[in-house]
Amino acid sequence: DKKFLEDLLEEIKGAGIVSLSTLRSKFGVSERNLKSIIKGLMEKGALGGIFSVDGSKVLLFDALRNEVIKHIEEKGATSIAEICERFSAPENVVLDIVQKALREKEIDGFMTDDERIFTYEGLKNLIESTVSEEKIISLRELSDRLNLPDARILNATRDLEKEGRVYGYIDERTREY
């Protein structure tokens, strides 16, 4: 029925991320039938999205992208695995979203080779909390502890000093903070 499909599309597009159980309650259609109908809408291009890994939710790409970016900005430091688990989204989709958001500077941050994601502010917060626990810590030790390159740690630490968030200095000779 055309009205049903229009209402279903409107509901899914309005929510962006919605469980099949919610749709079942609203429309009185089994989750199995909903999944079949939604899959058809996706194949026809009427919906740009996917089903969650466990098959219980519809994840529209734009909504998922916005939620992933929001999550990264709120956390400051996270990982692809954590994001996949949080949104029940496939790893390849999350990886594409994160790489594009970083490339297009929608997230002021970076991703490591082991798929950890940091906003620049998140990195500074992590360094600040680590440095506050130590009286003296070398750049190398800080870098090893956070498993990040010295240059990233040095730049962020210098910014923290300028911002007055950490007190002390980097001794260029010993590279200790």
Side-chain angles (χ1 to χ4, degrees), residues 1-130 146-149 152 155-156 159 163 165:
D1 157 81
K2 186 176 178 178
K3 175 78 170 119
F4 165 75
L5 289 177
E6 288 172 358
D7 290 348
L8 180 62
L9 278 168
E10 185 178 326
E11 184 69 25
I12 294 169
K13 287 180 178 180
I17 297 175
V18 63
S19 70
L20 291 174
S21 64
T22 299
L23 296 173
R24 180 194 69 227
S25 296
K26 180 157 181 116
F27 293 101
V29 177
S30 74
E31 290 183 27
R32 182 176 174 184
N33 286 343
L34 281 167
K35 199 167 189 178
S36 176
I37 293 164
I38 294 166
K39 184 177 179 188
L41 291 169
M42 288 176 178
E43 288 170 355
K44 291 177 184 171
L47 280 175
I50 56 171
F51 289 101
S52 59
V53 172
D54 64 4
S56 68
K57 295 178 188 168
V58 179
L59 310 170
L60 295 188
F61 291 127
D62 287 344
L64 180 59
R65 186 171 197 279
N66 291 339
E67 289 299 315
V68 166
I69 290 170
K70 181 179 167 186
H71 177 75
I72 292 168
E73 289 172 345
E74 287 173 357
K75 295 277 291 189
T78 187
S79 67
I80 294 295
E82 181 186 337
I83 295 168
C84 290
E85 184 177 326
R86 172 147 168 59
F87 295 103
S88 189
E91 183 177 344
N92 64 320
V93 172
V94 170
L95 200 51
D96 286 347
I97 288 170
V98 170
Q99 288 172 335
K100 185 176 181 187
L102 288 167
R103 189 172 52 252
E104 294 179 0
K105 305 290 186 208
E106 291 179 272
I107 301 169
D108 181 21
F110 61 95
M111 184 167 57
T112 63
D113 291 341
D114 61 353
E115 298 184 342
R116 292 179 299 149
I117 303 132
F118 295 88
T119 62
Y120 193 60
E121 193 59 36
L123 174 61
K124 291 192 301 184
N125 290 339
L126 188 58
I127 291 170
E128 183 179 18
S129 68
T130 303
L146 301 178
N147 193 25
L148 292 169
R152 283 211 192 271
N155 291 336
D159 286 346
E163 294 168 12
R165 291 171 55 186

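One-based numbering along the sequence shown.
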Value rounded to 0.5 Å, distance of [atom1] in [X] from [atom2] in [Y]:
X      : Y     : atom1 : atom2 : answer
Leu60  : Glu67 : CG    : CD    : 11.5 Å
Leu102 : Ile72 : CG    : CD1   : 6.5 Å
Glu11  : Lys26 : CD    : NZ    : 4.0 Å
Arg65  : Leu59 : CZ    : CG    : 15.0 Å
Ile17  : Ser52 : CD1   : OG    : 10.0 Å
Ile37  : Ile12 : CD1   : CD1   : 9.5 Å

Locate the shortest heavy-atom distance separating [X] from [Y]; write the atom from each residue and the value.
X      : Y      : value
Pro90  : Val53  : N-CG2, 3.5 Å
Asn147 : Arg116 : O-NH2, 2.7 Å
Gly55  : Lys35  : CA-NZ, 3.5 Å
Val93  : Phe61  : CG1-CE2, 4.4 Å
Val29  : Asn33  : CG1-CB, 3.6 Å
Lys100 : Glu106 : O-OE1, 4.5 Å

From CA spacing to verdict: side-chain contact (heavy atoms from CB on, under 4.5 Å), Lys13, Leu47: CA-CA 8 Å; Lys13 287 180 178 180; Leu47 280 175; 3.9 Å; yes
Short N-O contact, Glu121 and Arg165, less than 4.0 angstrom: yes
Any side-chain heavy-atom pair of Glu6 and Lys2 under 4.5 Å: yes
Glu115 and Val98, any side-chain heavy atoms less than 4.5 Å apart: no
Geometric class of the Phe110/Phe118 ring pair [parallel <30°, tilted 30-60°, perpendicular >60°]: parallel
side-chain contact (heavy atoms from CB on, under 4.5 Å) assessment of Val94 paired with Phe87: CA-CA 9 Å; Val94 170; Phe87 295 103; 5.9 Å; no
side-chain contact (heavy atoms from CB on, under 4.5 Å) between Ile117 and Glu82, intermediate numbers included: CA-CA 10 Å; Ile117 303 132; Glu82 181 186 337; over 6 Å; no
Test log, rule side-chain contact (heavy atoms from CB on, under 4.5 Å), inputs Leu8 and Ile38: CA-CA 9 Å; Leu8 180 62; Ile38 294 166; 4.2 Å; yes
